[in-house]
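Since the structure comes first, as structure tokens, the remarks are kept for the end.
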Amino acid sequence: EAAGSDFVVKLWRGYDHDGDLRPAPGSRNGTMPRCGGLPRFDLSSIQTGRQARGDGMYRVWNYITTYSLLLIGGALLALIWANTNPDSYHHFVHYVLFDTFFIGELHEEGGGVTRTLTLHFLVNDVLMAFFFAIAAKEVWEAVILENGSLRGSKAVTPLIATAGGMLGPVAVYLSLAAVLGVFETVSRGWAIPTATDIAFSYLVGRMVFGAGHPAVRFLLLLAIADDAGGLIILAIFYPTGELAPAWLLLSLGAAVAVFVLFNWLPRRLDRGNQLRPNSTWVRKYLSFWPYLIAGCLSWFGFQEAGIHPALGLLPIVPTIPHADRAFGIFAEAEQYLTDLLNWVEHHLKYPVEFVLFFFGLMNAGVEFSAIGAPTWLVLLGLIIGKPVGIFLFGWFAANVLRLGLPEGMRNTDLVVVGCVAAIGFTVALFVASVAFPTGPVQDAAKMGALFSFGAAIISIVAGKVFRVQKVEFS
């Protein structure tokens, strides 16, 4: 009950433009006043304790189910379409929207280069930037905020386990590729099995452990750190063309300018004034527009620099005003945070779900005849490399380094967590699409990412074998 009461108190005091807590003058009748251009909230409707947690779990389940069904629906439609009429499917995916455009896939023509905007590029490189921005927001808050889940000693064991969960799949993938004699052909896909699909893993983790088990929070920490590692791998190891790092100055300049002019400067001018007039004016009249413009410039800088443009919004995310605490991507309390960063995330949530539908449609359309060596390398990298790597590194951190595990979590739970984390799907599909050119090798690798859904069944069986005791509420 105390946690719920503490949250109500923080809402009562109010969040201002940059997320700092301050007294809310004029509060009465159980209503938080309108301050800093923020909306009213009826605090009497906020529940605490077991009832609120139960309702919250229902909302979380509903959100995850919606997310999963859209993405799975797009993937299933793509599979059916590609295996019944592959020519029309590939014509749709690579349909040209604009030829000779300023954004799009790069082509060399007559000694020069041109860009062609296709449906595939629009979804994978433009719209998916919003998906990666949401992932980056969770990573940023986990690292920078005082109560962030990736700060301090509490995050060390999950972080070390994450390293094992990325190195293990790489070792399995490359070793088997060498044994099978296909190393030269498939070695570029080494990063595909390092991915963990955070939403699907969370869904399966709750099914195996229960919503309140400490292993679920451990899994979330691991998945967030895995996302951060995946973003770094994409940026460094999978450039989209010849690197032109000078263009990154455009991204850096956009990030610095929008932070100084629309975040730092208003707060500086408002220093000592509780009413925060400048910050309120910026939030009320300019809202997210300066950050959207900066995001477009940063995205273009990434494209021209040869770095995957889907990561182009990452430099802008840290510049957006944010709350002084985060409750986590799947926490019910997140919906009550009214700082600009959370406001943007809330309004992006549903559009991004539809983006993921089209992502599944554009990337999962592989013919079953495409199954080959890359399929098994990706699949075995996930379902063997992930559990083994997470268990070995997690056990080493908890027992040899004496960093310990969360209270209520056993060493054997690390094996089950590793099985759950072996669901690669979304990010694995994305990495496969950039690791290999369009063709049979890419299709085979994507099939391995799709088959990683089998890790859900393995996880349920592992939970029974290792006698996991489900905990519904913490």
Side-chain angles (χ1 to χ4, degrees), residues 50 53-54 56-69 71-72 138 149 157-158 161-162 164-166 168-169 193-227 328-332 379-395 397-398 404-428 449-474:
R50 184 173 296 272
R53 288 195 294 270
M57 283 300 107
Y58 172 79
R59 278 188 282 271
V60 168
W61 185 269
N62 185 56
Y63 170 78
I64 295 298
T65 302
T66 302
Y67 168 94
S68 302
L69 287 178
L71 182 56
I72 291 176
E138 297 302 324
S149 56
T157 301
T162 300
M166 299 184 80
T194 63
T196 292
D197 191 295
I198 185 171
F200 285 113
S201 295
Y202 182 72
L203 174 67
V204 174
R206 287 182 65 250
M207 291 172 60
V208 174
F209 291 103
H213 199 290
V216 173
R217 291 187 288 275
F218 188 97
L219 174 65
L220 273 178
L221 292 180
L222 186 148
I224 291 171
D226 192 279
D227 268 0
I329 186 172
F330 300 118
E332 177 194 359
L379 181 60
L380 293 176
L382 284 165
I383 65 174
I384 296 178
K386 278 279 185 186
V388 171
I390 287 173
F391 173 75
L392 290 179
F393 277 61
W395 181 88
L405 292 169
E407 185 177 354
M409 186 174 172
R410 307 166 302 162
N411 285 322
T412 51
D413 291 335
L414 287 169
V415 179
V416 185
V417 166
C419 293
V420 176
I423 304 174
F425 196 48
T426 310
V427 180
L450 293 174
F451 284 171
S452 70
F453 272 122
I457 299 174
I458 296 174
S459 301
I460 294 171
V461 173
K464 299 294 184 183
V465 170
F466 290 103
R467 298 181 179 180
V468 169
Q469 298 294 319
K470 294 183 71 172
V471 180
E472 293 301 335
F473 296 101
S474 56

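Please read these numbers as outputs of a predicted model, since none were measured by experiment. These values consider heavy atoms only, across backbone and side chains, with no hydrogens, waters or symmetry-generated copies.
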Do you know the tightest heavy-atom contact between Ile390 and Gly165?
-> CG1-CA, 3.6 Å
Any Leu382 side-chain heavy atom under 4.5 Å of Phe451 side chain = no
For Gly205 and Val420 the tightest heavy-atom approach is N-CG1, 3.8 Å
State, with a plain yes or no, whether a side-chain heavy atom of Ile460 is found less than 4.5 Å away from one of Val208.
-> yes
Give, for atom CG of Leu222 and atom CZ of Arg217, the distance between the pair rounded to the nearest 0.5 Å.
-> 15.0 Å
Value for OG1 (Thr412) from CZ (Arg467), rounded to nearest 0.5 Å, stands at 10.5 Å
NZ of Lys470 to CE of Met207, rounded to nearest 0.5 Å, is 7.5 Å
Just wondering, do Arg410 and Leu405 contact through their side chains at under 4.5 Å, heavy atoms?
-> no
Donor-acceptor pair, side chain of Asp197 and main chain of Ile423, under 3.5 angstrom = no
Residue pair Ile72 / Phe453, side-chain heavy-atom distance below 4.5 Å = yes
Student check: side-chain heavy atoms of Leu220 and Ile198 closer than 4.5 Å = yes
Out of curiosity, Ile383 CD1 to Cys419 SG, how far, rounded to the nearest 0.5 Å?
-> 9.0 Å
Nearest heavy-atom neighbours spanning Ala161 and Phe393 | CA-CB, 4.1 Å
Can you check whether Leu414 reaches Met409 side chain to side chain, under 4.5 Å on heavy atoms?
-> yes
Step by step, work out the side chain to side chain donor-acceptor pair (under 3.5 Å) result for Thr162 and Asp226.
-> CA-CA 6 Å; Thr162 300; Asp226 192 279; over 6 Å; no
With sequence neighbours left out, which residue pairs that include part of residues 416-428 fulfil the salt bridge (Lys or Arg N to Asp or Glu O under 4.0 Å) condition?
-> none
Measure across Ala421 and Thr196 and return the closest heavy-atom pair with its distance rounded to 0.1 Å.
-> O-OG1, 3.0 Å
Would you mind reporting whether Val216 and Tyr202 have side-chain heavy atoms less than 4.5 Å apart?
-> yes
Does the side chain of Leu71 reach to within under 4.5 Å of the side chain of Phe200, using non-hydrogen atoms?
-> yes
Smallest heavy-atom separation, Pro169 atom then Gly164 atom, equals CD-O, 4.0 Å
Within the side chain of Lys386, is there an N or O that forms a donor-acceptor pair under 3.5 Å with the backbone of Gly381?
-> no
How long is the span from the CG atom in Leu219 to the CZ atom in Phe209, to the nearest 0.5 Å?
-> 7.5 Å
Minimum-distance pair of heavy atoms, taken over all atoms of Thr157 and Gly394 = CG2-O, 4.1 Å
